[in-house]
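Protein chains get the first letters and strands the later ones, always in sequence-line order, with residue 1 at the start of each.
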Amino acid sequence: MNGETDVAAPHALERFQRPALFLGAGALAVCAIGAFFAPAQFFRSYLSAYLFWTGIALGCMAVAMLNHVTGGAWGLPIRRPLESATRTLPLMLLLFLPILFGARKIYEWADPARVAQDPVLRHKSLYLNVPFFSIRALLYFGAWLGFAYFLNRWSREQDATGGRAISRRLQLLSSAGLVAYGLTVTFASIDWAMSLEPHWFSTMYGVLFIAGQGLSAFAFIVVVLVLLSDRAPFAGYVGPRHYHDLGKLMLAFVMFWAYVSFSQYLIIWAGNLPEEIPWYLRRLQGGWGWIGLAILLFHFVLPFLMLLPASANRNPRVLGAVAGLVVFMQLVNVFWMTQPAFAGGRLRIHWMDLLAPIGVGGVWFGAFLWQLGRRPLLPLNDPEMQQAAVHGAH
Amino acid sequence: MSRAVQPGRGGPPVIEPGHTYATVTDKISSIVLARRTPLFWVLGFFASFTLTMVLLGAISYLLAKGIGIWGVNQPVGWGFAIINFVWWIGIGHAGTLISAILLLLRQEWRTSINRFAEAMTLFAVACAGLFPLLHMGRPWLAYWLLPYPNTMALWPQWRSPLVWDVFAVSTYASVSLLFWFVGMIPDLATLRDRARRKGFQIFYGMLAMGWRGSALHWYRYETAYLLLAGLATPLVISVHTVVSFDFTIGIIPGWHSTIFPPYFVAGAIYAGFAMVLLLAIPLRAVYGLQDFITMRHLENMAKILLATGLIVGYGYVIEAFMSWYSANPYEGYMIGNRMRGPYAPVYWSLMLCNIVAPQFLWFKRVRTSPPVLFGIAVVVSIGMWLERFVIVVTSLHRDFLPSSWGMYFPTIWDWATFVGTIGLFLALMFLFIRFLPMISIFEMRTLVPEAGPLAMQPIPEHSVAGEEG
């Protein structure tokens, strides 16, 4: 294990860890004061922030599992950052509690008076009720924490012993994990976000969430890799070929996300049915359309054009900038998908809408850095590692 | 074992050890040039040609009498024609996926199966294209679908996905044809140089388009091939997406579902890989190609089958859940009618074929047993056909007004046309394996140990201009 010292995380991580935690905790504290004056607004802002950051943690788990299933050298330099993000999931379980407490302020269907008057909500109350909602959330977290636990544990085992047997075990775990991920995230997206407008439904919604999580998580990890790229151990290891692979994959994620989003829009627009179209009308009228346009331009068009030429993919600065843009735009996208439900047809952005993502994000990012620093940054004993180093040197 | 036969992440090799440049070329080209035509081929071609004649008969009678000979009527106006169209066009997708997407993803194992998978795509698209043309009733007026200035002041309805279909499918057919043909040129030149008989020399000579294998030829070839792969990749997604729009743009319960585009694409790849397995398993046995189409190929294809099968299963689950969650009585009735209505046996067979059958592929023993794999591929192919039957028929036969409900039963002519296209497809496949190299000779040569370090990489990798890092 003489390589151990070479691949340890740089101390610079610790320098950012504390400020991130303090910033997050501070912002959350200010939001908590805000909650005193405007409790409903607090819970709503908090929901968007929570969905975005949980999406990154979950997306990282999905990307890590995808790499275990399909193989490919592209996953090796980012495996440890991905795994560190999955280890933040216990924190996300803790941070879910405010949503549980605020359910009645957030969700129309949680208000018995509303349900009593509305036949559609009465029909759905079999599924959309607070106890069942809480049980389902526990089930989702149970599955996520279980898969994240074994993913990290076996990966550490491989660090100590190496060998193909563990790779195979991880592959099998990840195949089952991806099936579980697909189903749990779909139903979690229905519970936590789609049911904000409880009359509306779309069979594509879960896929839209999965695509958004995969894209934002992948982009987030690219940002992390680019920031660490000029320090040991990545400095001597990650080469233009790695960036090229990651850039192409990010392009694929961008295209998949855009494909899914556009398909849903086209189908609902063409159908123009009274139970479906209001979802888009709320998101395109009263100023919200500008945000929609920004999402189209900066979540798809610009990243797509930037990632298309091979030269941009090989330049870590360009790649990192595009990835940063994509992460930010996914935050905007989550906001656009959730907040119009409360806005009453007019675009308005509360100060807590801006502060809550910083609060949840700061705490999350601090936890992520803490976890990232705890293990070697490269999976040296993975049988594919040697091949990947050759691969990156070109 | 040399590194050449052990690329990627271990596992069985993509080409068995012991092969050299010469043995690869001999083995593949001899199927076309030297070996006697096997009895299997003669019998198989005869049988499929007979079915093609059935198709000819069915089409002739259709043109004489009109589509009244089919089972379509109000309320089910889209019967077998659309079911078979979607089924065939879906099957084609695996070919493009293997040749374009797996190429771009540097999956070197694709090399031995891409050629006949591309041929399969072309023939499947040819069969698919017949159905909408015939379904129009007056196929000789098919050009009215195209936007061209005319004195009748006819112009296509651009908001109709049926018009998008015309463009999507014809683009797909032309790009697939180009991709297949361009990829074959170096091999056609090999056959030209090896052919003994004058007729064959001229035949392959014309097709080889003057290929001499110069460095410039190779450079241009690689560039063109990679560009075509880039062009074909979005087509894999777009064609079946547009096909799914044929349904979703309508507001019929069971059709108007936003999940359809990705779910149709996954279903298409699912059906397509089942068909590739159906063709590859007998071919490797009859022509002794186990060295080239190895267990690793079969296993990888089985894994893709499992993955796409799970995505399709996800589609069914979400559809059923949302029809309840929507609280819309028509949506709710639609799924209840599928499960308990007159077509319930079709629905449950579909679930059995498409959801239960592929679960066996979780086991390595199943994935590495060619006969079992063949059986699962048959079941999946039937299942995907049933899926289209359920989507097309159950949604139409009972829609909003109970007074206009009805049943759909295919007639003998529906079946004759369907079985006839299977004959046409197989007859074209038989001609292809007899007269053209069914495995890419020059790409296989890069996998043998002699090819040295290049053997670690697929073809276009070392040749893309301006990409040296």
Taking atom CE of B:Met339 and atom OG1 of B:Thr394, what is their separation to the nearest 0.5 Å? 11.0 Å

Non-hydrogen side-chain atoms of B:Phe360 and B:Leu306 separated by less than 4.5 Å: no

Do you know which of A:Gly182, A:Ser175, A:Ala270 has the most heavy-atom pairs under 4.5 Å to chain B? A:Ser175

Atom group of A:Leu128 that falls short of 4.5 Å from chain B, counting heavy atoms: side chain

Residue part contacting chain A, namely of B:Trp362, when any heavy atom lies under 4.5 Å: side chain

Are side-chain N/O atoms of B:Tyr270 and B:Glu387 paired as donor and acceptor at under 3.5 Å? no

What part of B:Ile251 gets within 4.5 angstrom of chain A, counting heavy atoms only: side chain, backbone, both, or neither? side chain

Taking the side chain as every heavy atom from C-beta outward, state whether A:Glu275 and A:Trp200 have any atom pair closer than 4.5 Å. no

Portion of B:Tyr314 that has a non-hydrogen atom of chain A nearer than 4.5 angstrom: side chain

Among A:Thr186, A:Leu126, A:Leu178, A:Thr203, which residue forms the greatest number of heavy-atom pairs with chain B at distances under 4.5 Å? A:Thr203

The interface call for B:Phe321 against chain A, heavy-atom contacts under 4.5 Å, is side chain

If you take the centroid of each ring, where Trp contributes its six-membered ring, are B:Tyr333 and B:Tyr330 closer together than 6.0 Å? no

Need one label for A:Phe187: side chain, backbone, both or neither, based on atoms under 4.5 Å from any heavy atom in chain B. side chain

Can you tell which part of A:Gln264 gets under 4.5 Å to a heavy atom of chain B, answering side chain, backbone, both or neither? both

Lys NZ or Arg CZ of A:Arg136 over A:Tyr127 ring: under 6.0 Å, within 45°: yes

If you count heavy-atom pairs within less than 4.5 Å of chain B, which of A:Ile268, A:Ile190, A:Leu249 leads? A:Ile190

Centroid-centroid distance, A:Phe201 to B:Tyr325, less than 6.0 Å: no

Flag the pair B:Phe247 / B:Phe264 as yes when their ring centroid distance falls below 6.0 Å, and as no otherwise. yes

With a 4.5 angstrom heavy-atom cut-off, which part of A:Val179 approaches chain B: side chain, backbone, both or neither? side chain

